[in-house]
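Structure first, then comments.
To find a chain, count down the sequence lines: A is the first, B the second, and so on, and within it residues start at 1. These figures come from a predicted structure and were not determined experimentally.
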Amino acid sequence: MTTGPFTLGLLAAARAEFTTQVLPHLAPEQRYVGEMLRRSLDVLYTEATTTVLPEAALSEAGFGTAAELAAALRAREVQDDSVLRRALRAYVKRKLAISNPRVLARSKGRV
Amino acid sequence: MALGGLRAVTADETARFASLNFWLAASLGATRVDIAAMSKLSGGAIQENWLLDVRCEGGERSGPQQWVLRTDAPSSISTSLSRAEEFAILSVAFAAGVAAPEPILLCEDESVIGGPFYIMARGGGTAQARHILRDPEVVNFGPALARELGVNLARLHLVTPPQEELSFLPVPDEAPALHRIAGYRADLDLLSERHPVLEYALNWLEAHRPESRDTVLCHSDFRTGNYMVEAGRLSAILDWEFASWSDPDEDIGWLTARCWRFGADRREVGGIAGLDAFLAGYEQESGRPVDRARLPYWQVMAEVRWAVIALQQGARCNSGAELTLELALTGLMPPEMELNILDLIDRIEEMAQ
């Protein structure tokens with residue numbers, strides 16, 4: 001996906017206006033779709049502005065991309081050890097920070 | 001199937017269902033069947049579910065009736081079970097004493113409404129997880145409901161192969177866990193992106209597979225959202241389209257996986273209650289104890305399965321085949337399941353030490 005010089009501003013503005021000007025005024029039967037739209041805009045904005053790329057977490061285990069690691073795992077070429085698990089966990093947390101930061105925050109106190 | 005909103009019949013649909021009452025009358029031996037009301041349940045791109053209020057004069061089911069008609073959506077893609085196969089599974093489950101909707105009629109004549117369909121009794125209450133879990137009384141009715149779920153799942157699991165009416169259901173010739181692992185790997189191979197956490201989980205599942213229990217009839221989507229609750233009691237178990245022969249702990253793992261607790265993480269049984277009440281009902285009805293130590297393995301399997309399904313739904317939206325926000329957002333869910341998987345595996349291995 002390529003972005004133009006005003007994409008981030010447009011996304012930020014769309015998100016802000018939708019949340020403050022549209023969402024509070026939706027009819028009850030439209031609220032569910034409204035919340036999904038708000039969430040979608042949140043994810044798009046976070047994805048467009050993040051500098052902490054999820055795949056970079058895999059470098060600790062010696063892999064540059066998710067595809068490389070997945071192929072190596074399928075071929076049973078990777079040892080299941082604490083280094084791998086740490087890298088996978090960091091990778092997942094970075095993905096969650098984009099897709100659902102609320103779940104990530106809740107998971108910190110998890111039993 | 002999400003039991004969401006209802007909407008009335010459109011003009012096109014009135015034409016589509018014009019012959020239905022005549023077919024119902026002939027099938028039930030009634031002199032007359034009037035369809036007083038008909039409305040479509042929202043949700044379900046592959047099947048359609050219609051609520052019918054009918055009045056029968058004479059025949060097997062004389063009087064007012066409340067039914068559900070289930071048929072293929074006009075733009076249906078092939079699914080794992082046909083409506084006739086689903087009807088057979090419903091019939092077997094109902095006969096086994098499971099709280100499945102009573103199956104009433106099956107129609108394979110596509111000239112009646114344009115596709116095969118079946119009629120089943122309608123359960124009361126709601127299947128919407130949000131409504132059930134946010135009911136302030138769930139703390140009080142949850143344990144008894146969990147026990148009912150255990151009893152009913154145990155009754156289903158007493159059905160073992162071979163069953164002549166279910167000859168269309170393949171009996172895996174390898175351990176159910178291995179069968180599932182191979183299937184999920186094949187599913188991942190059809191996606192455009194690769195998923196290392198799921199590959200890791202599948203390797204772990206393969207290496208740590210417990211000994212199989214007997215192969216039994218499993219619902220294979222037994223979770224909150226697929227059973228109806230009325231006044232705190234179980235009224236019907238729905239959505240039998242994924243039923244299969246498998247390890248019974250697979251059903252229990254699916255029901256109790258964190259991904260299906262809707263945020264009520266401490267209530268392991270679908271977000272409604274802890275495990276004790278469910279297992280008490282299950283063990284009493286089945287006559288055999290459940291090894292709790294096996295359940296986390298099947299919960300890992302459940303998280304993997306739901307992650308794969310979520311990825312498939314996201315891919316479906318991305319391809320343009322079905323552009324909905326719901327599918328697109330579902331496609332973003334797998335990291336939640338992946339975190340659950342890593343936490344579970346860590347916990348299982350800590351407990352094993």
Check step by step if side-chain contact (heavy atoms from CB on, under 4.5 Å) holds for B:Glu199 and A:Leu88. CA-CA 11 Å; B:Glu199 295 289 345; A:Leu88 288 175; over 6 Å; no
If you count the non-hydrogen atoms of other residues, nucleotides and ligands that lie under 6.0 Å from CD in B:Glu211, is the total more than 12?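 Counting other residues, nucleotides and ligands, CD of B:Glu211 stays at 12 neighbours or fewer.
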Tell me if the CZ atom of B:Arg134 is crowded by more than 12 foreign heavy atoms within 6.0 Å.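 Atom CZ in B:Arg134 is not packed in, count stays at 12 or less.
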Winner by heavy-atom pair count (cut-off under 4.5 Å) against chain B, out of A:Lys95, A:Lys93, A:Glu68, A:Arg89: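 Heavy-atom pair counts peak at A:Arg89.
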Shortest non-hydrogen contact between [X] and [Y], atoms and distance:
X: B:Leu325; Y: A:Val33; answer: CD1-O, 4.3 Å
X: B:Arg194; Y: A:Ala66; answer: O-CB, 4.2 Å
X: A:Leu73; Y: B:Pro196; answer: CD1-O, 3.2 Å

If we only count heavy atoms from C-beta on, is the B:Leu329 to A:Ser40 side-chain gap below 4.5 Å?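 Yes, close enough: below the 4.5 Å cut-off.
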Answer with side chain, backbone, both or neither: which region of [X] has an atom nearer than 4.5 Å to a non-hydrogen atom of chain B?
X: A:Tyr91; answer: side chain
X: A:Val43; answer: side chain
X: A:Leu84; answer: side chain

For each of B:Leu332, B:Leu342, B:Ile345, tally heavy-atom pairs with chain A at distances under 4.5 Å, and name the one with the top tally.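 Winner by heavy-atom pair count: B:Leu342.
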Roughly how far, to the nearest 0.5 Å, is the OG atom of A:Ser107 from the CD atom of B:Glu336?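 Going from the CD atom of B:Glu336 to the OG atom of A:Ser107 covers 10.0 Å.
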B:Leu339 side, atom CG; A:Leu96 side, atom CG - distance, nearest 0.5 Å: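 Nearest 0.5 Å value for the CG-CG distance: 6.0 Å.
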Side chain from CB out, backbone as N, CA, C, O: work out which of these in B:Glu326 comes under 4.5 Å of a heavy atom of chain A, or both, or neither.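 When you check distances to chain A, atoms from both the backbone and side chain of B:Glu326 fall under 4.5 Å.
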Applying side-chain contact (heavy atoms from CB on, under 4.5 Å), run through A:Arg74 and B:Leu188 and close with a yes or a no. CA-CA 11 Å; A:Arg74 181 70 72 92; B:Leu188 287 175; 4.3 Å; yes
Any chance you could lay out the side-chain contact (heavy atoms from CB on, under 4.5 Å) test for A:Arg76 and B:Glu206, step after step, and finish with the verdict? CA-CA 12 Å; A:Arg76 309 295 195 285; B:Glu206 195 169 43; 2.5 Å; yes
